[in-house]
Amino acid sequence: MSDIVAPGIRRIAIPLPIRGLSIVNAYLVEGAHGWSLVDAGMHTAEAEQALRAGLAEAGIGLEDVRRVFVTHLHPDHMGMAGTLERAGAEVLMHTPEIAAARRVWSKGHDVIDASYEWFVRHGMPRDIDEGMRQAWIAMGERVDDLDHVSGVNDGEIVDLGGRATRLRWTPGHTDYHAVLIDERDGVLFSGDHVLPRITSNIGLYPASRDDPLGDFLGALSRLRDLPVKRVLPAHGDPFDDLAGRVDELLAHHAARLDATLVAAGTSERDAYAIARVLFPVLRSPHEERFALAETLAHLRHLERKGRVREIDGSPARWSVTRAYQGSVIAPVA
Ligand SMILES: [Zn+2]
Ligand SMILES: [Zn+2]
């Protein structure tokens, strides 16, 4: 299924085999000098069929896509980029995200192994951790191998078939996630940085930048007042009010930071115990991983603000610093 969402831009809805996240949007951009795609789905048979059908609705085939820009390394965005590359497209990403992608999807699973130990250190039960590891490896099998990816730096122009868009580094969801802004027409390809109905997962991993949540909140604030009239997110429907949605996201995380302080309570707790208070219902290894990584990102941000401290150990534990104990009395919603 595809629909026109801005002049010269068609959304192709690509199905995902993920519980609770059924679709990722790929945006097909028609320029005076050819076709480009922003994000490339996760590679399953159904996804490839949906991509081919969406291109056919525009009267083109895989081989007509000249450029593919991938907003970040997640499998639902990178998945079919290699297929498009082999059909003749040039694949582009924010330069430092390329190396991160190569690490995450390396066949050696080094990043997965390091994360596995990290989650155990933060209180994740080993049986859940093993399920999480297998699910992560299965995801990697839905990401095409890529021979060559061209790097684009923060602030540089990405030419989508004659349509100039500027890359902006928007860290948080991944360390080097990037969005594209068509400044002439006020169109923002927001990837997973700004989504209309859900909040993107902000997680702390062993190789993450120091404070991903701080990065994310800063990147949101910098984006808020740009001259954007139309936001094209990777999940959910396109929308117009960027500033309004940014304000909601900032308020959401402020409330979650307060809830994290409440969940940490007055005793020393490991991050997994705190995550289970914040996320009482977890239905899959993926959800377990996202919940713990998200809780750790909030704890790290609170630590950088002097509100909690991490106590080394096995598992590591967290305690609210004395000055902030009892400072938040609202119950966890
Ligand atoms: Zn993502
Ligand atoms: Zn996504």
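Every number for a ligand or one of its atoms is a count from 1 in the order of the listing.
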task: Check whether any N, O or S atom of Asp192, backbone or side chain, sits closer than 2.8 Å to the Zn ion (ligand 2).
output: yes
message: Can you tell me if, anywhere in His72, an N/O/S atom lies at a distance from the Zn ion (ligand 1) that is smaller than 2.8 Å?
response: yes
Ionic contact status for Asp145 with Lys107, cut-off 4.0 Å: yes
The Zn ion (ligand 1) - closest N/O/S atom in His74: ND1
query: Just one of Arg230, Arg245, Lys229 clears the salt bridge (Lys or Arg N to Asp or Glu O under 4.0 Å) bar with Asp240, so which one?
result: Arg230
- request: Answer yes or no as to whether an N/O/S atom of His77 is found below 2.8 Å from the Zn ion (ligand 1).
  value: no
Polar side chain donor-acceptor pair, His43 to Glu48, under 3.5 angstrom: yes
message: Using only atom types and a distance under 3.5 Å, with no angle test, would you say the side chain of Ser190 pairs donor to acceptor with the backbone of His193?
response: no
- prompt: At the Zn ion (ligand 2), what is the angle formed between atom OD2 of Asp76 and atom NE2 of His235, rounded to the nearest 10°?
  reply: 90°
- prompt: Got a second to check how far Arg86's CZ is from Leu84's CG, nearest 0.5 Å?
  reply: 9.5 Å
